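The structure under discussion appears below in the form of structure tokens.
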Amino acid sequence: MELRFYNSYSRQIEDFRPIEPGKVRMYHCGPTVYQRPHIGNYRAFLFADLLRRVFEAYGFEVQQVMNLTDVGHLLNDADEGEDKLEAQARKDQVDPWQIVETVSQQFFADLDALGVRPAHHYPRASDHIPEMVTIIEALIEKGHAYRVGDNVYFDVSTFPRYGQLSGNKVEELEAGARLEINEEKRHPADFALWKSDPKHIMKWATVFGEHGFPGWHIECSAMAEKYLGKHFDIHTGGEDNVFPHHECEIAQSEAANEQTFVNLWMHTRFLQVDGGKMSKSLGNVYSLDDLAERGYSAWDYRFLVLRGHYRTQVNFTWEILRSAKESRAKLADWRSRLQAAMRGGAADSPASIGAVTTARQAFDAAIADDLNTPEAVAALFTLRNELVHAGETGTGTSEAALALLDHADAVLGLFEPTADASEDPNALSDAQVEALIAERAEVRAAKNWARADEIRDALQAAGIVLEDTASGVHWHRS
RNA sequence: GGCGGCGUGGCCAAGUGGUAAGGCAAGGGAUUGCAAAUCCCUCAUCCCCAGUUCGAUUCUGGGCGCCGCCUCCA
């Protein structure tokens, strides 16, 4: 399976070539843990999970790192400004580190609810100050950075490729700079590597001074290098990270290490809400709890995200979420029917088995083509339609289709794990279900509607779905 | 001001130079004691204009509209 991905850096779709055969090392820009991430944030994290799942499904060994930014940075690169975490802390009248703990726990709980496979490392910026200082010192040593008092800036003029990722030109950054003029910098586009301010709560004593804290890009360079090396395969983030964050990371890491930092840069477009940007003032910044309150599982949201390509803006409305929920439920229902059919022992038709093979190829081709998840999902429904139209209930075909659904589930994350029914003492055995259905048929024939409905309700309560078709009663577990 | 994306049926969303996947919703029908579930059927010519072409939704140019990034933000 030849995977192809769009590389933000080259602006082209490229064949994926891992640095080490069979292995992939990825870094994902994670959340700033100053308030609970909203569903928009999770689009980017679900994308990281999709990559993880795709690589694992196609046999790669994955090393995945996602940082937690717990050292809020300045509000902007022009300097003065308040640390985001400290601002939140003052508002809540708590210690900033307490916010970090609380939000981090919410974050991990949300990831779990979304079915995200845990990354191998979730490093925190505050635990990697020495690593950051090492890089900054190297940059100064090599003439890529300069000190002004207790502050350190990256000298953009020493890195000709600056602007390559984002398409910005240094001259235009200067011209169109909305940044306030910082007299300390040699060039307006220079960015801070290290800042000092005695008033900060979250600060560290280093060679640069007693009251310092890192600039807002250096943490990722430091942590990526520590866990993945100076050169690794993939780095992801939201579209907003392209500039300045990732642009600056490239400059820092490549200037310091004198080698390519990352082979493949991938960015997700923003999630829209009601056709526009989500914002607190519009009251459309939702958390997973807001979805749950309206009866939607995190998995429904996950499916909504999957139904749009990661490089297009996906819109979120309650109607769209409902659509995603219904669609996903249909897939789950189909899976249950296939499980019942697999036990049925009916003969297979060769044409149907061929349809499963075709569907699997279509699914894989869609995924391999820059993660075309909408098309991959469509391939599943196409197969469903074909098998249903053909009235196919063959054991082998059902088994093959189920194998495809398992594969799709591994890649996309479609089905919410449910408690194992076999461990439920109240669960009905197949024989019990069959017996109840038989009794219902008898009492219906005798027009004993009360008892018939009682059985129907009991079966429904036990998670049994009945289908009263012309060819008899079929059933499967929901 | 700089950079970028998008405009496909009521909603969402793939896609290809040769007349448009899939999902949701909707309408009709079958089945049914009622219901649910299920099954069948119906439902677009792809923003507008011009050009290239035998032929464009798909290529080029222009227009209109929408959205995003450039500033904390996934």
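Each chain gets a letter, A, B and so on, in the order the sequences are listed, and its residues count up from 1. Because the structure is predicted, anything quoted here is derived from the model rather than measured.
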Could you give the distance from CZ (A/Arg117) to CD (A/Gln64), rounded to the nearest 0.5 Å? 10.0 Å
Under 4.0 Å: is that the gap between some side-chain N or O of [X] and OP1 or OP2 of [N]?
X	N	value
A/His389	B/C39	no
A/Asn385	B/G23	yes
A/Arg337	B/C39	yes

What is the distance from [atom1] of [X] to [atom2] of [N], rounded to the nearest Å?
X	N	atom1	atom2	value
A/Trp334	B/U38	CH2	P	14 Å
A/Ile320	B/G10	CD1	C1'	12 Å
A/Tyr310	B/A13	OH	C1'	17 Å
A/Glu326	B/A25	CD	C1'	10 Å
A/Arg322	B/G10	CZ	C1'	12 Å
A/Ile367	B/G22	CD1	P	18 Å
A/Asp240	B/A74	CG	P	6 Å
A/Phe107	B/A74	CZ	C1'	10 Å

Categorize [X] for me: base, sugar-phosphate, or nothing, with a 4.0 angstrom heavy-atom threshold over every strand shown.
X	answer
A/Gly275	sugar-phosphate
A/Gly40	base
A/Leu331	nothing
A/Ser323	base
A/His309	sugar-phosphate
A/Val242	nothing
A/Gln272	sugar-phosphate

Can you check the distance between [N] and [M], where both ends of the measurement are the [atom1] atom (answer in whole Å)?
N	M	atom1	value
B/U60	B/G5	P	12 Å
B/A37	B/C73	P	46 Å
B/U8	B/A14	C1'	10 Å
B/U32	B/G7	P	47 Å
B/C59	B/U53	C1'	10 Å
B/A21	B/A44	C1'	13 Å
B/A56	B/C43	C1'	25 Å
B/C48	B/C64	P	16 Å

Watson-Crick or G-U wobble mate for [N], both contacts under 3.5 Å:
N	answer
B/A30	B/U38
B/U57	none
B/G68	B/C3
B/U45	none

Cationic tip of A/Arg294 above A/Trp318 ring, under 6.0 Å, 45° of axis: yes
A/Arg456 (side chain) and B/C34 (base): donor-acceptor pair under 3.5 Å: yes
Ignoring hydrogens and geometry beyond distance, is the side chain of A/Asp453 in donor-acceptor contact with the base of B/G33 at under 3.5 Å? yes
From the set [options], return the single nucleotide nearest to any side-chain atom of [X].
X	options	result
A/Arg307	B/G68, B/C12, B/A14	B/C12
A/Asn372	B/G15, B/C72, B/C39	B/G15
A/Thr32	B/G33, B/A74, B/G5	B/A74
A/Lys277	B/C24, B/G33, B/G68	B/G68
A/Glu239	B/G22, B/C69, B/A74	B/C69
A/Lys330	B/G23, B/G15, B/U38	B/G23

Over 60° means perpendicular and under 30° means parallel, so classify the ring planes of A/Tyr122 and A/Phe108, tilted if in between. perpendicular
With the criterion set at under 5.5 Å between ring centres and under 30 degrees between planes, would B/G23 be stacked on A/Phe381? no
ring-ring contact (aromatic ring centres under 6.0 Å, His included) with A/Tyr227: of A/His28, A/His128, A/His120, only one passes, and it is A/His128
Looking only at the aromatic ring of each residue, does the gap between the centers of A/Trp265 and A/His246 stay below 6.0 angstrom? yes
Ring centers of A/His235, A/Tyr27 separated by less than 6.0 Å: yes
Check: A/Gly413 main-chain N/O paired with A/Arg302 side-chain donor or acceptor under 3.5 Å: yes
If you assign A/His476 and A/Phe303 each to the RNA chain B nucleotide with the nearest heavy atom, which residue ends up on the more 5' nucleotide? A/Phe303
RNA chain B: 5'-proximal contact among A/Arg384 and A/Phe270 (nearest heavy atom): A/Arg384
Whether A/Glu219 and A/Arg124 form a salt bridge (side-chain N of Lys/Arg under 4.0 Å from carboxylate O of Asp/Glu) is what I want to check. no
Classify the side-chain pair A/Ser323/A/Arg307 by whether it contains a donor and acceptor separated by less than 3.5 Å. yes
